[in-house]
Amino acid sequence: MTSGGRGPKALITGTPGVGKTTQCRKLAQWLSTRCITVGDILAKTPHVRYIPELDTYEVVDLETSRVLVYRAVAPGDVVDTHVVELSPDPEVVVVLRKAPDVLYRELAERGWTLKKILDNVWAEMLDVVYVKAVKRWGEVVQIDVTRRTPEETFKVLKLCVGEKRCRSDEVDWLGYAEKTGFIDFIERLSR
């Protein structure tokens with residue numbers, strides 16, 4: 001997984017809405033480096049296309065997009081993206097996780113379309129970003145941000161990235177959704 005100091009210091013990833021950009025900026029400032037937000041690099045390029053019904057962008061040229069991102073990232077930077085395929089190999093991979101019912105409520109409060117909310121909540125429940133990160137790098141740290149403030153999450157990140165004292169949280173959102181009845185709610189909305 002590690003880049004041996006030649007790649008980014010850390011990749012902060014996770015489903016949209018979990019706090020990646022906030023934590024990337026805090027961590028980069030603390031490390032005196034840059035937060036590279038992949039979406040900002042690709043937003044005005046022909047390598048992504050806007051999907052109005054989801055109010056989001058889709059990468060249509062993965063290879064060219066990867067080249068652009070690799071060129072933009074310097075050793076020691078912190079990278080923020082949910083598309084793990086686009087990140088150079090970091091020293092530490094951190095996947096931020098959030099309970100699906102909390103994520104649902106927060107995304108709805110942001111005014112996101114129901115389709116966009118459902119896509120992201122299902123992705124979080126089914127561990128989509130986490131599984132892709134594990135498949136690519138093997139060693140991945142999960143931080144459950146559900147009951148943590150951004151400041152508490154940042155303290156955990158500083159220990160993990162700065163001092164290499166990483167501890168991964170246990171996350172089973174599908175089991176949680178079944179126990180709390182949220183799965184029935186989200187399935188009804190998805191029909």
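Model, not experiment: these values are computed from the prediction.
Between the K132 side chain and the V84 main chain, no donor and acceptor come within less than 3.5 Å of each other. Judged by distance alone, the side chain of T81 and the main-chain N or O of V83 form a donor-acceptor pair under 3.5 Å. No donor-acceptor pair closer than 3.5 Å links the side chain of D80 to the backbone N or O of C24. The closest donor-acceptor contact from the side chain of T13 to the backbone of V95 lies at 3.5 Å or more, if one exists at all. Counting only distance, with no hydrogens or angles, the side chain of K20 and the backbone of G14 share a donor-acceptor pair below 3.5 Å. The main-chain N or O of V60 is never found under 3.5 Å from a side-chain atom of R49 such that the two would form a donor-acceptor pair. A distance-only check finds no donor-acceptor pair linking the side chain of E124 to the backbone of R97 [under 3.5 Å].
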*Verdict with reasoning, D89 to W137, per side chain to side chain donor-acceptor pair (under 3.5 Å)*: CA-CA 8 Å; D89 293 337; W137 290 292; 2.8 Å; yes

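For the pair T146/W173, a side-chain contact is recorded, criterion being any heavy-atom separation below 4.5 Å from C-beta on. For the pair K26/T153, no side-chain contact is recorded, criterion being any heavy-atom separation below 4.5 Å from C-beta on.
By the ring pair (Phe, Tyr, Trp, His ring centres under 6.0 Å) test, Y104 pairs with F185, sequence neighbours left out.
The minimum heavy-atom distance linking V140 with S168 is given by the pair O-OG, 3.9 Å. Residues V93 and E139 come closest through the heavy atom pair CB-O, 4.2 Å.
Remark: the N120 side chain and the T15 side chain contain no N/O donor-acceptor pair separated by less than 3.5 Å.
Within a 6.0 Å sphere centred on CD of Q29, heavy atoms belonging to other residues, nucleotides or ligands number 12 at most. Other residues, nucleotides and ligands contribute only 12 or fewer heavy atoms inside 6.0 Å of the CZ atom of R147.
A salt bridge links E63 with R66: at least one charged nitrogen is closer than 4.0 Å to a carboxylate oxygen.
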